[in-house]
There are 2 protein chains.
Amino acid sequence: MAKTDKRSSAEEIFSILRDRICLLDYPPGTVLREADLATEFSVSRTPVRAVLQKLAHAGLIESRDGVGTIVTELSFSEIRDIYRMRLKIAELIGQMDPLPFSAVHREEIEALRGRAVELKARFRIEMYWQINHDLHFLISGIIGNSALRQMWDHFYFQAARIWYQHARFDPTGVAASLVDELDEVHRAICEDDPVALGYAQRNYIAYGLSRLQPRR
Amino acid sequence: MAKTDKRSSAEEIFSILRDRICLLDYPPGTVLREADLATEFSVSRTPVRAVLQKLAHAGLIESRDGVGTIVTELSFSEIRDIYRMRLKIAELIGQMDPLPFSAVHREEIEALRGRAVELKARFRIEMYWQINHDLHFLISGIIGNSALRQMWDHFYFQAARIWYQHARFDPTGVAASLVDELDEVHRAICEDDPVALGYAQRNYIAYGLSRLQPRR
DNA sequence: TCACGTTAAGCTGTGCACAGCTGAATATGA
DNA sequence: TCATATTCAGCTGTGCACAGCTTAACGTGA
C-alpha cells in the first residue's frame with residue numbers, strides 16, 4: 001500500500017481495488033478507509049468515493065455511515081445463489097446470438113493454454129488470476145447479447161473471490177482443471193460450436209459449485 | 001420541477017429520478033443538470049452526484065465530462081437484447097427455489113386486479129405505472145434466489161421505459177392485457193404453481209417483445 | 001461568403017473543510 | 001464490582017469553491 005506519486009484515474013483505481021478484493025488481498029470484513037485510499041492513489045476522497053460507490057453496486061463492498069466501508073461477507077446461501085445463476089447464464093452464451101469465432105480466438109486460447117501448463121509446473125496465484133481474467137474476457141467478447149454479457153461480467157467478479165479461496169487450498173488441482181477447461185474451450189472454438197462453449201463453461205462452474213462447502 | 005423546501009434523502013431522490021426516466025418525464029436524450037436537481041431537492045450537488053452515479057450503474061443515464069448527464073438512448077438491438085434476457089430470466093423464477101405463496105399474495109393480486117379493471121375504464125399512465133410496479137415487486141418477493149431477484153429488478157427498470165412508450169399509443173390494449181396477466185398470475189398462485197407464474201411472466205414479456213418495432 | 005482560429009459560457013470532475021453519525025473506551029454512581 | 005451514562009476519536013455524508021473539459025457562438029482573415 002505504498003503511496004505512489006503518480007495520480008491514478010478513476011478507472012484504474014476501480015480495477016485495482018476490484019482485483020484486490022477478488023484476490024483476497026482485502027478479505028471479507030476488511031475496512032477500507034477513504035482517506036487512506038485517497039493518499040495511496042494521490043487523489044482526494046471525492047474520486048475515491050465514486051469508485052467505492054461503483055464497487056458497492058457491484059456487490060463487493062458496503063458503506064455504512066459513521067462506521068466504514070467494508071468488504072462484503074457473502075453467506076453460503078448467497079454464494080450458492082450466485083453459482084446457480086452462473087450455471088444458467090453460461091448455458092445461454094451459445095444460444096443468444098453468439099458472435100462468430102475467429103482465428104484470433106483460437107490462437108489466444110492456445111497461448112492461454114501454454115501459460116496454464118506453465119502454471120501447473122509452478123503455481124502463482126497472480127498468474128492464475130490473470131489467465132482466468134483473460135479467458136473470461138475472451139468469452140465475454142463472444143457473447144452477442146449485450147444484456148447477457150453485462151450479467152456474465154457482473155457475476156464473474158462476484159464469484160471470483162470464492163474460487164480463489166479454494167485455489168489456495170488446492171493449487172495443483174485448480175491448475176490442472178484450468179488446462180482441461182482451456183482444452184474444452186479450444187475444441188468448441190475449433191468445431192465452431194458456440195453452444196458447446198457455453199456448456200463447457202457451465203460444466204466448469206458446476207465443478208466449482210460441487211466443491212463449495214458451508215463454512216463455519 | 002418546483003423547488004420543494006423539504007430536504008429529500010438520497011434514496012428518495014433516486015426513486016423519484018428513476019421513475020421520471022421510466023415514465024418518460026425525462027425522455028431519452030434529456031440533459032439533467034446536477035445544479036438544477038440540487039436546487040429542486042434542497043441539497044448540494046454532492047448527494048445528487050451520488051444518485052446520478054447509481055442511475056448510471058442502472059444503465060438509465062450517462063455522464064460525460066464537460067457535456068452533461070444524459071438519459072440513455074437505447075438502440076433497437078439493445079432493447080431486443082434486454083427483452084430476450086427478461087424472457088430467460090422469467091423462466092427461471094419458478095425453477096430456482098421460489099418462496100412459498102401465502103394468502104397475502106393472493107389477496108394483493110386480487111386488489112391489483114380491481115385497480116386494473118378500474119384502469120380499463122379510465123386510463124391514467126401513473127396508475128398503470130403503479131400497478132405494474134406493485135406487481136413487479138410482489139413477484140420479486142417470491143424469487144428465492146437473491147442473484148436472480150437482483151437481475152429481475154435490474155432489467156425491469158431498464159425495460160420499463162419501452163413499454164410505457166407503447167402504452168401511450170395503445171392505452172386500452174395494455175390495460176386489458178394487464179388484467180389478463182393478473183388473472184394468469186392469480187391462477188398460478190391459487191394452484192400453488194410457481195413454475196406457472198414464471199411462464200406467465202415470460203409470456204407477457206414475449207407479447208411486449210412482439211409489439212416492438214425498429215423505430216426511425 | 002466561407003473557412004478557421006479564438007473565446008467564452010456552462011457543464012462535470014476534484015479538492016477540502018466541516019457536519020453528523022457510530023461504537024468503544026472511559027468515567028461515575030450505587 | 002457492576003451497570004449505566006458520557007465522552008471522544010474516527011469514520012462517512014454534505015456543502016461549496018475551483019479546476020478542467022467540451023461545445024457552440026463569435027470574430028477575423030482571405
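Below, all heavy atoms of this structure are taken into account, side chains as well, without hydrogens, waters or symmetry copies. All values reported here derive from a predicted model rather than from experimental measurement. Lettering of chains follows the sequences in order, A, B, ..., and the numbering in each one begins at 1.
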Under 6.0 Å from the six-membered ring centre of A/Trp152 and within 45° of its axis: does the NZ or CZ of A/Arg86 meet both?
-> yes
Please confirm whether the backbone N or O of B/Thr46 pairs with a side-chain atom of B/Ser44, one donor and one acceptor, at under 3.5 Å?
-> yes
Side chain B/Asn145, main chain A/Asp81, donor-acceptor under 3.5 Å = yes
In whole angstrom, give the distance that lies between atom CG of B/Leu37 and atom P of D/dG15.
-> 14 Å
Identify, with sequence neighbours excluded, every residue that meets salt bridge (charged side-chain N to carboxylate O under 4.0 Å, His left out) alongside B/Glu110.
-> B/Arg106
Specify whether A/Tyr128 and A/Phe123 have parallel, tilted or perpendicular ring planes, treating 30° as the upper limit for parallel and 60° as the lower limit for perpendicular.
-> tilted
Identify each atom pair where a protein N or O and an N or O of nucleotides 9-14 of chain D are less than 3.5 Å apart, giving names and distance.
from	atom 1	to	atom 2	distance (Å)
D/dG10	N2	A/Gly66	O	3.3
D/dT12	OP1	A/Leu32	O	3.0
D/dT12	OP1	A/Thr69	OG1	3.2
D/dT12	OP2	A/Glu34	N	3.4
D/dT12	O2	A/Asp65	OD1	3.4
D/dG13	OP2	A/Arg49	NH1	2.5
D/dG13	OP2	A/Arg49	NH2	2.8
D/dG13	N7	A/Arg45	NH2	3.1
D/dG13	O6	A/Arg45	NH1	3.0

